[in-house]
Amino acid sequence: MFNDCHRRLMVAGLCLLGLAASAVAQPGGRPAPVRVAVADLTTISPTLVVPATVVSRNDARIAAEVSGVLEWVADVGQRFAAGETVAEIENTSLKLRRPELEAEIAQQQARADFLRSEEDRLARLATQNNAAKNQLEETRSDRLVAESEINAAQARLAQLDFQLDRTRIKAPFDGVVVARAQQAGELVAPGTVVVRMVNPNRLELIARAPLDYLSFLSVGDELEFSAAGRNYRGPVRTLVAVGDENTHQFEVRVDVAEPTLPVGQTARLNVPTAVAREVLAVPRDALVLRPDGISVFVIDDEMAAAQVTVSTGLAAGDLIEVVGAVEPGDQVVVRGNERLRTGQIVTILNPSGQAPQAATAGQ
């Protein structure tokens, strides 16, 4: 009796397991939760990804313009507005020359004033006395010499003021000091680099690409690039259509509006390599990659999944071209497609879906 009861319990357990397995295997069983997107016609350009670097459009090594000993140099990391002083050169000797030149100008001015009054007096006498005419000409000559010496002294004073002003090395643009080439106490000469300044708010991307693709780019074109794990877009600012016999590459510069990217950051720029064309595109997450090929799951009006074999083509950011039995407007599964089977009923977690956006970025 014990063996019969035991046998019946085993048979009942196996039946229950079979029913459970059958329910799971049924295509119309428990609906699978999924997220979908809409397959759509999208304009995509085939592109080549090239290395690029973020640089500042204002990056200068600021040099001294006069000789002298540095009294003060800004610290690395300090920010300055255009025109503010970033370093100072000791200027005592130049300051001491200013009173000397001012005294010389005053002396020559006094002499010129005397000669001018003397010239006026002699001019009145010259109408009556021939000898006074000769003296008048000599006085006029002396007055002209005195005035020229005044002009020369004023020019020297202006040069001195220019040199005094240049003892304060000023920022040519808004920016931050990123390096000090000289320290306070060092003697510098005209042309000696003192600090390097960079404006971190005026950024651009520099990249080089084969000259074969220059014809597919124009100033103002929007290009995609990636840096620090994020994707960005920016307009082409300029194209330098000059290569050399070794690299056969041109230079492209793209404006960067994102101020958080640091100068020197490496990036990857998508350069178009052919004319853009319209393709049927889906998000990359819709692709199911298996040993037997690539496929997507399309949801029909009955909320059933159908696995469709596709081939891929151009790609742009998160979108990729698919060729197969997929039509524009079809809902394709982008989340939860790993365990789906053809005919399985699904529940869509985002009923509105998410249509792909037009793009022209890299493959």
Side-chain angles (χ1 to χ4, degrees), residues 37 40 42-59 176 178 198-287 289 294 310-323 334-335 354-363:
D40 200 3
T42 305
T43 300
I44 293 180
S45 293
T47 59
L48 172 70
V49 178
V50 298
T53 304
V54 177
V55 300
S56 173
R57 292 185 62 184
N58 297 129
D59 187 336
V176 59
V178 299
V198 173
N199 185 347
N201 297 321
R202 294 195 67 199
L203 303 179
E204 65 181 2
L205 203 67
I206 295 182
R208 289 173 176 79
L211 283 166
D212 292 343
Y213 307 133
L214 177 62
S215 60
F216 303 114
L217 269 178
S218 299
V219 173
D221 288 351
E222 289 276 336
L223 298 184
E224 280 198 358
F225 64 93
S226 60
R230 294 180 58 190
N231 294 325
Y232 304 91
R233 294 182 66 86
V236 174
R237 186 180 70 83
T238 188
L239 297 169
V240 183
V242 178
D244 59 54
E245 60 184 8
N246 295 320
T247 63
H248 304 286
Q249 293 181 326
F250 69 95
E251 182 177 282
V252 55
R253 292 179 176 240
V254 177
D255 279 332
V256 176
E258 180 57 55
T260 60
L261 288 175
V263 173
Q265 172 70 52
T266 57
R268 294 167 62 83
L269 178 68
N270 299 310
V271 177
T273 59
V275 177
R277 61 185 176 88
E278 192 176 58
V279 300
L280 182 64
V282 300
R284 293 178 185 269
D285 288 340
L287 300 181
L289 308 178
I294 303 173
V310 297
S311 58
T312 59
L314 300 179
D318 185 50
L319 303 180
I320 189 166
E321 175 188 7
V322 291
V323 178
V334 294
R335 288 289 185 275
Q354 187 174 4
Q357 301 293 319
T360 57
Q363 195 165 3

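Quick caveat: nothing in here was measured; it's all calculated off a predicted structure.
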Passing candidate, side-chain contact (heavy atoms from CB on, under 4.5 Å) with Ile320, options Val310, Ile44, Leu287:
Leu287
Taking side-chain contact (heavy atoms from CB on, under 4.5 Å) as the test, write out the residues that go with Thr53, two or more places apart.
Val55
For Phe216, give me all partners under ring pair (Phe, Tyr, Trp, His ring centres under 6.0 Å), at least two apart in sequence or on another chain.
none
Less than 4.5 Å apart, side chain to side chain, heavy atoms only: is that true for Asn270 and Val49?
yes
Rounded at 0.5 Å granularity, tell me how far CD in Glu245 sits from OG1 in Thr247.
9.5 Å
Rounded to the nearest 0.5 Å, how far apart are CG of Leu314 and OG1 of Thr43?
11.0 Å
My understanding is that only residues two or more places apart in sequence, or in another chain, count here; which of them pass side-chain contact (heavy atoms from CB on, under 4.5 Å) with Val219?
none
Smallest heavy-atom separation, Ser56 atom then Leu203 atom, equals CA-CD2, 4.3 Å
Measuring only between side-chain heavy atoms, which start at C-beta, is Ser218 closer than 4.5 Å to Val236?
no
Heavy atoms only: give me the nearest Thr42-Ala281 pair and the separation to one decimal.
OG1-CB, 3.9 Å
Applied to residues 228-253, the ring-ring contact (aromatic ring centres under 6.0 Å, His included) test, sequence neighbours excluded, yields Phe225-Tyr232
Residues at least two apart in sequence or cross-chain that pass salt bridge (charged side-chain N to carboxylate O under 4.0 Å, His left out) with Arg230, listed by chain then number, are none
Test of understanding: with side-chain hydrogen bond (donor to acceptor under 3.5 Å, both in side chains), list the residues that count as partners of Arg202, not counting sequence neighbours.
Asn58
Partner residues of Ser215 under the side-chain hydrogen bond (donor to acceptor under 3.5 Å, both in side chains) criterion, sequence neighbours left out
none
Output all residues satisfying side-chain contact (heavy atoms from CB on, under 4.5 Å) with Pro235, sequence neighbours left out; order by chain, then residue number.
Glu222, Asp255
Contact between Pro210 and Leu48 at the side-chain level, heavy atoms closer than 4.5 Å - yes or no?
yes
Can you list the residues that meet the side-chain hydrogen bond (donor to acceptor under 3.5 Å, both in side chains) rule with Glu251, with sequence neighbours excluded?
Arg208, Arg253
Close side-chain approach of Leu217 to Leu223, heavy-atom, < 4.5 Å
yes
dist Leu261:CG -> Thr266:OG1 (nearest 0.5 Å) comes out at 10.0 Å
Any residue meeting side-chain contact (heavy atoms from CB on, under 4.5 Å) with Pro262, in chain and number order, not counting sequence neighbours:
Gln265
If you count every heavy atom of other residues, nucleotides or ligands that lies below 6.0 Å from Arg268 atom CZ, does the total exceed 12?
no
Leu205/Val54 under side-chain contact (heavy atoms from CB on, under 4.5 Å): CA gap, chis, key distance, verdict
CA-CA 5 Å; Leu205 203 67; Val54 177; 3.6 Å; yes
Holding to side-chain hydrogen bond (donor to acceptor under 3.5 Å, both in side chains), I want the full list of residues that pass it with Asp285, two or more places apart in sequence or in another chain.
Arg335
My understanding is that only residues two or more places apart in sequence, or in another chain, count here; which of them pass salt bridge (charged side-chain N to carboxylate O under 4.0 Å, His left out) with Asp212?
none
Write down the atom of Leu211, the atom of Gly243, and the distance for their closest heavy-atom approach.
CD1-CA, 4.0 Å
Identify the heavy atoms of Ala207 and Val50 that sit nearest to each other, and give their distance.
CB-CG2, 4.0 Å
